[in-house]
Amino acid sequence: MKLQNFSYRTQIFFSSLLLVILPTIILGIATANRTSNEVQEDFSRSMDTITTQADLTLDTLLQDATKVADLHILNKDIRKAMITNYEDDLLSYSQDSYLFSSQLIQANRLNSNVTTCMFKNRYGYTFDYNIPNVKDQYAILDHMDEWAGTARNSDYYTYFAPVQQSSTVKKSILPMVKVLYDSYTFKEIGTCYVGINFSAVENIANSAQTQNNVMLIYNADGGLAYSSDKDFVEKDASPELKKAIQNFNQKITKESSVRTEKLNVGSDSYMINGCYNKTTGWHIVHFMNNSLITQAYRNNLYHYAGIFLLAIFLGLILAALLSRGLTRSIRQLCEKIDFRDTSNYSDITVEGRISNQELQKVVHSFNRLNSRLTQSLQQNYQSRLNEQQMHIQVLQAQINHHFLYNTLNVIKSLADIHNVPEIKTIAMCMSELLRYNLKKVPIVLLKEELLQIRRYMTIQNIRFPGKFSFDYDIPDEFLGLEIPAFILQPFVENAIGHGFSEREENCYISISANLEGNTLHFLIADNGQGMEKNELEELVDSLDKEIDFPADTSSNHSIGIRNVQQRIQSYYGKEYGLTIDSFPGQGTLIDIALPYGKKPALPCTEQNKTE
């Protein structure tokens, strides 16, 4: 409800209250928002740092593993072992196995990130390092054969499998399988498996781990390779949140360094960022529930709650004191107005104290003004009502008297000169026209208006055989519409009286109707002589001018058009009326715009009915 609808005392009360409370509330909310934004920015920077650090650490681990996998390029003995078939020379195979182990121990002496390693040459002979038992060896061989096909179709012929938990070394292992190619012949010489200690990346994720903070790593195929919180993936996450994270993961590209967004899932809000690891093609996704930030925001509001309550208490006291002193006389005035008998008007008085002298001056001025306005409005209303009724009657009479006079002359001339059946037709049409014109109600149906025009054109065609052609294209659903009388016929009369005054044949008049939105358009077109530009402009300018009675004879040719314009706007409003286009030597087009489905009614008539 608007404040203006309350009493003056209530308005003063609320205004005084707001002067105290509003600044405090604005200050408190602004401070809480600023603190919340600062906390959110700090968390966002921390998340970006953690994600970037995890990406760099992962790159370091993979570079160490790649160095081991590329030993065949750096060491000729290793290359030779990878292309040798030991079927008939098992002693050499034993010696090369020892050589392999020595080289791998030396290569991995300063690199503790590689936990296990196995090479398989082109003939199926294997060379391993730090594999504790045969069971693990067979498991690695199975994985090598399974992942080698994927590695051949991947970048750098390398495939990184999801992180696995090793039961032997009690660590998280990131398996890497790489297809090896001879640096001389560029032919495949075998495969290499490297088990990478994933603890370094895991430690980074765990160092930032909270109940609202989870790090996920997706492989190049979009599968989940690692999660810092297994319960989140298996139980905690809702399907909507998983879908939102997957959609974010798909947006991460090679070109993006660190991508940051805000996710809204149901009533929860999350901050999420991610980056693309160029070595593996993996996506590192790090997200956090904003409940911590929300809690910080709520805590700030709680701190200001005491201030708000104190401000409200002081505001109530101040508002009550101010409103009581200022509204007492106004309350007395309202009571006297409520008990006043308006049928027997008398002045309103307020017996106030000295502090209310200004209010009494307002009351005295109001009484004098109200007395004058009451008398003036009553006189003006009656005058306008009489004037409007006379105005419509005179306008309708102005439309018809020229036509009736000319038609009677035609009937008389035909009766005196010719003994032909046309006289009967003219007499019948004239009788219907007179009956239509003498109607008391100025509202008619569209089909009645069109019937009058057809009778009018029948008489004109008898007067001037073969000169006029008339047709109309009105959809049947419009024929029952109520419209003001005589809003179409004046334009047909003007076309015959002015547009075709210099033509003897091929005179064509057309009436059509179409609906655009809620506006109904009547289009009246003729192929007469049209109007010059200055004549058209003068006619258009005169449409909005009041018609003086008796009309000036110099403007009799446009009185019917102005009549229609003013009656349409009297019934429907200023937004409706006429649009006129005319072209010299080509004809004239009249567009009459009316509201579709709205019954015409004069404002003064409606007011009279209401009263």
Side-chain angles (χ1 to χ4, degrees), residues 61-164 166 168-169 171 173-198 219-221 279-281:
L61 297 179
L62 301 179
Q63 289 172 5
D64 294 340
T66 303
K67 291 177 183 179
V68 175
D70 291 339
L71 281 177
H72 69 286
I73 299 175
L74 304 175
N75 191 299
K76 293 181 179 181
D77 294 332
I78 299 296
R79 173 185 173 276
K80 180 181 177 182
M82 293 300 296
I83 60 176
T84 300
N85 187 350
Y86 296 99
E87 183 178 1
D88 300 323
D89 192 2
L90 295 179
L91 179 60
S92 298
Y93 174 61
S94 177
Q95 293 173 347
D96 288 344
S97 294
Y98 177 78
L99 175 64
F100 245 103
S101 298
S102 300
Q103 291 294 329
L104 290 173
I105 291 172
Q106 184 178 358
N108 200 40
R109 183 169 298 170
L110 300 177
N111 179 15
S112 61
N113 293 323
V114 175
T115 59
T116 56
C117 181
M118 177 180 286
F119 283 81
K120 182 179 180 181
N121 74 1
R122 65 170 57 168
Y123 299 105
Y125 294 91
T126 60
F127 309 92
D128 58 71
Y129 162 72
N130 202 26
I131 298 178
N133 52 57
V134 176
K135 180 180 178 182
D136 289 348
Q137 186 179 25
Y138 283 126
I140 291 174
L141 282 172
D142 291 340
H143 287 318
M144 288 178 68
D145 295 336
E146 178 186 352
W147 295 333
T150 305
R152 290 186 182 93
N153 298 320
S154 303
D155 294 340
Y156 308 110
Y157 309 107
T158 305
Y159 174 72
F160 296 91
V163 177
Q164 301 176 350
S166 173
T168 303
V169 297
K171 295 179 180 180
I173 303 299
L174 171 62
M176 181 190 82
V177 174
K178 184 173 183 179
V179 180
L180 307 179
Y181 288 85
D182 194 342
S183 58
Y184 296 100
T185 63
F186 300 104
K187 294 182 179 180
E188 184 177 330
I189 62 174
T191 55
C192 173
Y193 168 90
V194 178
I196 306 169
N197 186 359
F198 199 69
N219 61 25
D221 298 327
T279 305
T280 61

Rounded to the nearest 0.5 Å, what's the gap from [atom1] on [X] to [atom2] on [Y]? Could you check?
{"X": "M82", "Y": "N75", "atom1": "CE", "atom2": "CG", "value": "12.0 Å"}
{"X": "Q103", "Y": "L74", "atom1": "CD", "atom2": "CG", "value": "10.0 Å"}
{"X": "K178", "Y": "T191", "atom1": "NZ", "atom2": "OG1", "value": "12.5 Å"}
{"X": "R122", "Y": "N85", "atom1": "CZ", "atom2": "CG", "value": "10.0 Å"}

If we only count heavy atoms from C-beta on, is the [X] to [Y] side-chain gap below 4.5 Å?
{"X": "L180", "Y": "E188", "value": "no"}
{"X": "I105", "Y": "Y129", "value": "yes"}
{"X": "P175", "Y": "Q164", "value": "yes"}

Just by modelled atom types, is the [Y] backbone N or O under 3.5 Å from a matching donor or acceptor in the [X] side chain?
{"X": "Y125", "Y": "E87", "answer": "yes"}
{"X": "D128", "Y": "I131", "answer": "no"}
{"X": "N121", "Y": "T126", "answer": "no"}
{"X": "S101", "Y": "S97", "answer": "yes"}

Mind listing the closest non-hydrogen atom pair of [X] and [Y] along with its distance?
{"X": "F119", "Y": "A69", "value": "CE2-O, 4.0 Å"}
{"X": "V114", "Y": "A65", "value": "CG2-CA, 4.2 Å"}
{"X": "C117", "Y": "V194", "value": "SG-CG2, 4.2 Å"}
{"X": "I78", "Y": "F100", "value": "CG2-CZ, 3.4 Å"}
{"X": "N197", "Y": "L61", "value": "O-CD1, 3.6 Å"}

**Asked** When the aromatic ring centroids of F127 and Y93 are compared, is their separation below 6.0 Å?
**Response**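 Judged by ring-centre distance (under 6.0 Å), F127 and Y93 do meet the cut-off.
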**Asked** Centres of the Y157 and Y181 rings: under 6.0 Å?
**Response**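 Ring centres of Y181 and Y157 closer than 6.0 Å.
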**Item:** Residues in side-chain hydrogen bond (donor to acceptor under 3.5 Å, both in side chains) contact with Y86, at least two apart in sequence or another chain
**Value:** D96
**Message:** Does Y123 have more than 12 heavy atoms from other residues, nucleotides or ligands lying within 6.0 Å of its OH?
**Reply:** yes
